[in-house]
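Single-structure report; data block below.
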Amino acid sequence: MANTSMEEFEALLNESFELETPTEGHVVKGRVLAIEAGQAIIDVGYKMEGRVDLKEFANPGEAPDITVGDEVEVYLRQVENARGEAVISREMARREEAWDRLEKAYAEEKRVEGAIFNRVKGGFTVDLGGAVAFLPGSQVDVRPVRDAGPLMGLKQPFQILKMDRRRGNIVVSRRAILEESRAEQRAEVIGKLSEGDAVEGVVKNITEYGAFVDLGGVDGLLHVTDMAWRRVNHPSEILSIGETVKVQVIKINKETHRISLGMKQLMADPWDSVEAKYPLESVHTGRVTNITDYGAFVELEPGVEGLVHVSEMSWTKKNVHPGKIVSTSQEVEVMVLEIDSAKRRVSLGLKQTMRNPWEVFEERHPVGTQVEGEVKNITEFGLFIGLDEEIDGMVHLSDLTWEGRGEDVIGNYRKGDVVQAVVTEVDTDKERISLSVKALGGDPFAEAIDGVKRGAIITVNVTAIEDGGIEVEYEGMKSFIRRSDLSRDRAEQRPERFQVGDKVDVRVTNIDARSRRLGLSIKAREIAEEKEAVEQYGSSDSGASLGDILGAALKGDN
């Protein structure tokens, strides 16, 4: 019986030892006995005491919050050290406590409170009430933060992105909290907006393509094309950051929460009155706003632009870039050629405000007028001569000389030579002026044969004797009479019976204005004379001989 009670007593004693003796590596409760030399002396039970530096009871940047008699939780690292004291830590207890609390919050996707207390590579460290977490630089704010000073030591909520207790890693985000609150705020603001509403906002940012306007917690995009009815090259022409503007809500995308804004929609559309204001063929003054390869855009009024196509820019400059004819911001006079209100297009003409230079030339220089100009170009078919108003006239090869071929004399001309010519034709539709150099001194052929008709008898001078015939001259023009035309009598068809300087009567058998040649024949003259004599002095039926008739005719002449 005594043995049994002894066993029970030992069991109770052991049980009391187990209850009274805390286990190493666990968090235990203790009471603050005293505070001395920057340390708190804590009774952790079973007549064991330990010391903890006061700073372990303080949050970053705060004073220690502890007094004698306080009950605190500490982490028992070792039951007894060399001095016979328990080795305890408040910081490790806080960490264990914090990890339990944080794991629960992470599982429930709840926010946790903490304070940024230090800057490290790639971000910051955050005290989450005992556990230290890493805050990446990209997770600090919605936009990059240049100075994180004001955020340091400030108690604020964070979202746990991931945690690993075994490795002691926690990654948190401040940005996720801001985005969430912004999304709520955005949804609230968007809920109050409707398409077509006119609202006020502040210009927050300006880009190449538009501006972002803050409508009170939510941004809307005001595209550059919706700022004004006129052409806007850059949004900074109209807006500046911080400016308050009145805009209209054009579109709200419920899924992406994107808002499109417009300013011009609150102003009257100038196209409503374009047709009435700019009738066809009316002339107006406009300003060149943009120049392209195919023409120039001219602003008639803010919001109304027309295109002067390159083909409508100049009467004379055909293959020239529009930038060589007009310059940006230049004031020009234009004519309205066509209006398409559906496509919001106006076709304008620049050359139509000036007279057609070919018509002006024709008035000033009718056909037959003598003109003077510089040789601009030499081609295989003639010369181009510069005339009035930058227009050219052309002298064809065939109009260079009366004698010989044009191909032989065109080599005598050089670019820059000043040439005189006669206007022979002006075609205003084809924009073509024909000139003639050879016509300057008149037409020697036409003058020489003036009054001479086919069949006429003329007197010529013999200028050369050749085997095939004789060369003769009439009024300075040379002709050739072939051997067969020298006489009706074959025996007399000898060129050598003539001498240079002889005067000979010949009959004109042909006048070729094109080749500028006279066809002449002595034989044809003799035949014609014989025929005339027969008709005048007798009939072949009378029996009279030709000799008798010619003899009588000669006597009659005498």
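Residue numbers run from 1 in the order of the sequence given.
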Qualifying salt bridge (Lys or Arg N to Asp or Glu O under 4.0 Å) pairs with a residue from residues 275-288, counting only residues at least two apart or across chains
Lys277-Glu301, Arg287-Glu299
Residues 233-245, side-chain donor-acceptor partners within the protein, below 3.5 Å, at least two apart:
residue : atom : partner : partner atom : Å
His234  : ND1  : Ser236  : N            : 3.1
His234  : ND1  : Ser236  : OG           : 2.8
Glu237  : OE2  : Asn233  : N            : 3.3
Glu237  : OE2  : His234  : N            : 3.3
Ser240  : OG   : Glu243  : OE1          : 3.4
Glu243  : OE1  : Ser240  : N            : 3.0

Listed partners of Arg355 passing salt bridge (Lys or Arg N to Asp or Glu O under 4.0 Å), at least two apart
Glu363
Would you mind listing every salt bridge (Lys or Arg N to Asp or Glu O under 4.0 Å) that reaches into residues 333-344, with sequence neighbours excluded?
Asp269-Arg344
Do Thr369 and Val367 pass the side chain to side chain contact (heavy atoms under 4.5 Å, CB included) test, and can you show the C-alpha distance, the side-chain angles, and the key distance before you say yes or no?
CA-CA 6 Å; Thr369 310; Val367 170; over 6 Å; no
Answer whether the closest heavy-atom distance between the side chains of Gln352 and Leu337 falls below 4.5 Å.
yes
Looking only at heavy atoms, what is the nearest atom pair of Ala228 and Val232, with distance?
CB-CG2, 4.1 Å
Is the closest side-chain donor-acceptor distance between Thr463 and Glu471 under 3.5 Å?
yes
Nearest 0.5 Å please: distance from the OG1 atom of Thr207 over to the CZ atom of Phe212.
6.0 Å
Those residues that, when tested against Arg175, pass side chain to side chain contact (heavy atoms under 4.5 Å, CB included) (two or more places apart)
Gln139, Ser173, Glu179
Could you pull out the closest heavy-atom pair between Glu374 and Gly416, with the gap in Å?
CG-O, 3.4 Å
Is any side-chain heavy atom of Ile160 less than 4.5 Å from a side-chain heavy atom of Val171?
no
When you compare the side chain of Gln420 with that of Val437, does any pair of heavy atoms fall below 4.5 Å?
no
Backbone N or O of Gln159 within a donor-acceptor pair of the Lys110 side chain at under 3.5 Å?
no
Shortest non-hydrogen pair, Lys376 vs Ile385, comes out as CG-C, 4.3 Å
Short question: side chain of Arg483, backbone of Asp467 - any donor-acceptor pair under 3.5 Å?
yes
According to side chain to side chain contact (heavy atoms under 4.5 Å, CB included), who are the partners of Ala198, at least two apart in sequence or on a separate chain?
Lys246, Leu266
Heavy atoms of Ala296 and Met313 approach each other most closely as CB-CE, 3.9 Å
Strictly distance-based, threshold 3.5 Å: is any side-chain N or O of Asp417 a donor or acceptor partner for the main-chain N or O of Arg414?
yes
Side chain proximity check, Val472 to Leu520, heavy atoms < 4.5 angstrom
yes
Test side chain to side chain contact (heavy atoms under 4.5 Å, CB included), reference Val460, set Ile470, Asp505, Val506, output is Val506
Could you walk me through whether Asn377 and Thr379 pass the side chain to side chain contact (heavy atoms under 4.5 Å, CB included) check?
CA-CA 7 Å; Asn377 200 12; Thr379 69; 4.0 Å; yes
Are any of the side-chain heavy atoms of Ile291 and Thr328 separated by less than 4.5 Å?
yes
Kindly write out the residues that satisfy salt bridge (Lys or Arg N to Asp or Glu O under 4.0 Å) with Arg174, not counting sequence neighbours, or none if the list is empty.
Asp141
With the side chain counted from C-beta on, respond yes when Ile433 and Asp392 share a heavy-atom pair under 4.5 Å apart, and no when they do not.
no
Run Val132 and Phe117 through side chain to side chain contact (heavy atoms under 4.5 Å, CB included) and show every step you take.
CA-CA 10 Å; Val132 176; Phe117 69 89; 4.0 Å; yes
Under the 3.5 angstrom rule, does the side chain of Lys317 hit a backbone N or O of Lys324 as a donor-acceptor pair?
no
From CD1 (Ile250) to CD (Gln265), nearest 0.5 Å:
4.0 Å
Which atom pair, heavy atoms only, marks the closest approach of Ser521 to Ile481?
CA-CG2, 4.4 Å
Which atoms form the tightest heavy-atom contact between Val334 and Val308, and what is the distance?
CG1-CG2, 4.0 Å
Sequence-distant partners of Phe124, ring-ring contact (aromatic ring centres under 6.0 Å, His included), two or more places apart
none
Which residues pass the side chain to side chain contact (heavy atoms under 4.5 Å, CB included) test with Lys121, not counting sequence neighbours?
none
For a 4.5 angstrom cut-off between non-hydrogen side-chain atoms, does Leu518 reach Val508?
yes
At what distance, to the nearest 0.5 angstrom, does CG of Leu221 lie from OH of Tyr209?
6.5 Å
Roughly how far, to the nearest 0.5 Å, is CD of Glu473 from OG of Ser479?
9.5 Å
Gap between atom CD of Gln370 and atom OG of Ser436 - 0.5 Å precision
11.0 Å
Which distance, rounded to the nearest 0.5 Å, do you find between the CG of Leu348 and the CD of Glu305?
10.0 Å
Decide yes or no for Val202 and Val213: does some side-chain heavy atom of the first lie under 4.5 Å from some side-chain heavy atom of the second?
no
Can you run down the ring pair (Phe, Tyr, Trp, His ring centres under 6.0 Å) pairs that involve residues 274-308, sequence neighbours left out, and say none if there aren't any?
Tyr278-His284
Listed once per pair and sorted, the ring pair (Phe, Tyr, Trp, His ring centres under 6.0 Å) pairs that draw on residues 323-366, sequence neighbours left out
Phe361-His365
Have Glu113 and Gln156 got a donor and an acceptor in their side chains that come within less than 3.5 Å?
no
May I have the step-by-step check of side chain to side chain contact (heavy atoms under 4.5 Å, CB included) for Arg111 and Phe158, ending in yes or no?
CA-CA 6 Å; Arg111 299 174 181 184; Phe158 293 89; over 6 Å; no
What pairs of residues pass the side-chain hydrogen bond (donor to acceptor under 3.5 Å, both in side chains) test when at least one of them lies in residues 421-433, not counting sequence neighbours?
Lys318-Glu431
